[in-house]
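Counting convention: from 1, in listed order, for ligands and their atoms alike.
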Amino acid sequence: MKKRDLGNTGVSVGEIGMGCMPISVTGRPSESEGIRTIHAALEAGVTLLDTADSYCLETSEMGHNERVIAKALRGHPNIVVATKGGMIRPEGRWECDGRPERLREACEASLRALERDAITLYQYHRHDPKVPFAESIGLLAELRKEGKIVHVGLSNITVEQLEEANAIVPIASVQNRMNVFDRSSMKVLKRCEELGIAFLPYSPLNGMGKAGQIGENDLLSRVAAEHGISPQQAALAWLLQLSPVMIPIPGASRGVSIASSAGASSVTLSHENMDLLNAAG
Ligand SMILES: NC(=O)c1ccc[n+]([C@@H]2O[C@H](COP(=O)([O-])OP(=O)(O)OC[C@H]3O[C@@H](n4cnc5c(N)ncnc54)[C@H](OP(=O)(O)O)[C@@H]3O)[C@@H](O)[C@H]2O)c1
């Protein structure tokens, strides 16, 4: 797999990462199957795993995904784990909690769950409207100073929030939703390019349970047939060629899915292919 720089961090990763959420939420596989999926990702050249403390079924099992990753990565210290804090799961709901004291607790719990001394990339999951954005980001700056976090990332943000946060602490990455059908974060992507910040598009295959439907899109199917690849691989190759700061993180609960996604790294789309897929949204 080809490599890309994780923004300005000096860290280089396989250009396709893996989203680990499907291993821990509703419909999840057994733990041993989840570990096998992560191992399949490593065999395919994936070196960046995306997770969050909230990837679990509900409050009592916060950190589920991080603990499975830690087990899978024993003996693989060089794999980059990007986690997130700032969301909670009361009775299975997704809610924000960006209070600085809660973010500190969350980060410390993630360090224990991941069995690491420092978190390479710690992302603020989603702005909590009940807490001033600068207060939540200020706490992340503190954690970075203390060495608990190496790099700070943001998720689900606007250009204005990116500017505000970047003035408080250097931002290494942004994780917003983007795929062939969802271009709502194009302005954020452009600003990331200008600032040399990595962009990790989430739901790059249109989200859990919807990746299969990508095959129903005529334009994606045409491009895929031309290259002898799947429409999902074409969708990931489109993202990779859209921007040099792009590092897609397709989710997977099964090894075959992430192995196939990793194959998008060896696809080169023509200008005509890119024009067609630019029109597919
Ligand atoms: N920051 C946020 O707010 C946020 C929100 C959502 C997601 N995320 C992150 O982004 C990651 C990816 O997003 P997502 O999981 O929502 O959606 P996604 O990546 O668009 O789709 C994931 C689904 O696609 C299937 N799949 C993966 N590769 C495939 C391939 N090559 N061919 C056919 N099917 C394939 C998988 O099936 P199987 O399960 O059968 O393997 C998986 O369930 C998540 O895992 C999570 O880490 C972040």
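Residues of the protein with a heavy atom under 4.0 Å from ligand 1 are G19, C20, M21, P22, D50, Y55, K84, H125, S155, N156, Q175, Y202, S203, P204, L205, N206, G207, M208, A211, Q232, I249, P250, G251, A252, S253, R254, S257, S260, S261, listed by chain and number.
Side chains of D50 and Q123: a donor on one and an acceptor on the other come within 3.5 Å.
Partners of S261 under the side-chain hydrogen bond (donor to acceptor under 3.5 Å, both in side chains) rule, at least two apart in sequence or in another chain, do not exist in this structure. Take R177 and apply the salt bridge (charged side-chain N to carboxylate O under 4.0 Å, His left out) test, not counting sequence neighbours, and it matches D182. For K210, the salt bridge (charged side-chain N to carboxylate O under 4.0 Å, His left out) criterion is met by no residue, not counting sequence neighbours.
With respect to I38, the side-chain contact (heavy atoms from CB on, under 4.5 Å) criterion is satisfied by exactly one of I258, I79, V46, V68: V68.
Using bins of under 30°, 30° to 60° and over 60° for the plane-to-plane angle, the ring pair W94/Y55 lands in the perpendicular bin.
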